[in-house]
Amino acid sequence: MRRLQLTEAEQGELDTLVGRFLDAGHDWDPLGAAEAATAAAPGLPLRLREFLAEARTAESDITVVSGIPLDPALVATPTGWEAAAKSAAGRREEAALLLCGSAMGDAFGWESQQEGRIVHDICPAPGMESSLTSASSEKTLSLHTEDVFHPCRADYVALLCLRNPDGVGTTVASVEDLDLPAGVRGTLAEPRFRFFPDDSHSGPVPGREGGPAAYPEERVLFGPANAPYLRFDVDFMAGADAAAAEAVRATDALLRSSAGRVVLHPGDLVFIDNYKVVHGRDPFTPRYDGEDRWLKRVNLLRDVRRLYAQGRLRSRLVPA
């Protein structure tokens with residue numbers, strides 16, 4: 001894990017950059033704001049840019065920046081992402097997240113997720129307490145690769161903490177800490193697994209009744225043999241045969257036993273390498289009093305052309 005604490009001077013530089021970004025009117029058009037953030041990112045404090053460039057080059061599994069300036073008059077935590085979207089809650093923090101995120105990758109979104117928003121709000125919603133989505137609270141979110149089913153899933157998941165009064169932990173486990181038996185590792189490196197969209201995506205699910213054809217069988221471990229990448233989500237994957245199903249169970253147990261916790265405080269920004277780290281969340285009791293845990297999230301690609309090449313349009317939204 002790499003960490004950087006911004007100085008007061010650096011916080012002032014970033015706050016000024018965010019103000020200029022908002023004054024230029026970039027906040028009203030999410031897709032345009034993502035591209036504008038890339039153009040404006042060289043204005044970030046030099047030490048921050050160097051830190052993030054080093055983390056990207058080294059493929060740091062978890063990278064934390066503390067001291068991101070928040071609006072001193074931050075509004076109450078919305079009761080769900082729909083409420084946040086309607087009220088434009090935390091717009092200044094969204095701009096800060098886009099600007100800092102652009103130093104690590106290109107922001108993108110999903111037509112099937114949060115109505116195509118680029119920056120997502122992560123906050124508990126009434127009636128969703130036990131769901132398998134980020135709107136849940138009382139249910140543990142299992143360790144998972146973000147959007148495990150898709151070839152254009154994020155390289156990094158960036159989370160900016162606005163509130164976390166109860167110190168709710170983000171659980172993390174790295175492929176580098178996964179001590180797998182040789183037989184299980186060999187099975188995971190073979191295309192014997194199917195992956196599916198999680199419940200945060202709207203629309204028909206591949207492989208289910210009424211949905212498109214199931215996705216092809218893929219590998220859990222892939223890439224360089226001496227430094228493999230990982231895709232895993234026990235709730236939204238299946239082994240194609242008995243041995244593969246057992247490998248899923250064994251891997252899930254090992255990941256849970258090796259998991260650590262990252263507790264984010266207001267102003268903390270974490271970049272989770274989505275190819276090396278699976279992440280989840282501890283359960284908590286929602287307050288619904290305006291003081292609940294509230295994060296902003298953005299997905300980042302190291303090269304947005306990987307997304308463009310998948311579709312017919314030059315768009316930062318993955319088509320449904």
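Predicted model, so just to flag it, every value in this text is computed and none were measured.
Under a 4.0 Å N-O distance rule, the pair Glu246/Arg249 qualifies as a salt bridge. Taking the charged nitrogens against the carboxylate oxygens, Arg117 and Glu94 do have a contact shorter than 4.0 Å, which makes a salt bridge. Between Arg163 and Asp292 there is no salt bridge, since no side-chain nitrogen of the basic residue lies less than 4.0 Å from a carboxylate oxygen of the acidic one. For Asp282 and Arg261, the salt-bridge test passes: some basic side-chain N is under 4.0 Å from an acidic carboxylate O. Comment: Glu217 does not engage Arg192 in a salt bridge, judged by the lack of any side-chain N to carboxylate O separation of less than 4.0 angstrom.
Listed for the Ser136 side chain is a donor-acceptor partner under 3.5 Å among the backbone atoms of Thr133. Listed for the Gln11 side chain is a donor-acceptor partner under 3.5 Å among the backbone atoms of Gly67. Counting only distance, with no hydrogens or angles, the side chain of Arg281 and the backbone of Lys139 share a donor-acceptor pair below 3.5 Å.
Ring geometry, Tyr156 versus Phe271: the interplanar angle exceeds 60°, so the pair is classed perpendicular (tilted spans 30 to 60°). Taking the six-membered ring for Trp and thresholds of 30 and 60 degrees, Trp110 and His201 have ring planes more than 60 degrees apart, a perpendicular arrangement.
Open room surrounds CG on Asp179; 12 or fewer heavy atoms of other groups in view lie less than 6.0 Å from it. Open room surrounds CD on Glu115; 12 or fewer heavy atoms of other groups in view lie less than 6.0 Å from it.
Annotation: Phe149 is not in aromatic contact with Phe195 [ring centroid separation under 6.0 Å not met]. Annotation: Tyr275 is in aromatic contact with Phe222 [ring centroid separation under 6.0 Å].
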Pair Arg153-Glu146, salt bridge (charged side-chain N to carboxylate O under 4.0 Å, His left out): steps then yes or no: CA-CA 7 Å; Arg153 61 190 176 278; Glu146 195 78 3; over 6 Å; no
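Residues satisfying the side chain to side chain donor-acceptor pair (under 3.5 Å) criterion with Arg49, sequence neighbours excluded, are absent altogether.
Between Val318 and Glu111 there is no side-chain heavy-atom pair separated by less than 4.5 Å.
Of the options Lys276, Arg306, Arg302, a side-chain hydrogen bond (donor to acceptor under 3.5 Å, both in side chains) to Asp155 is made by Arg306 and by none of the others.
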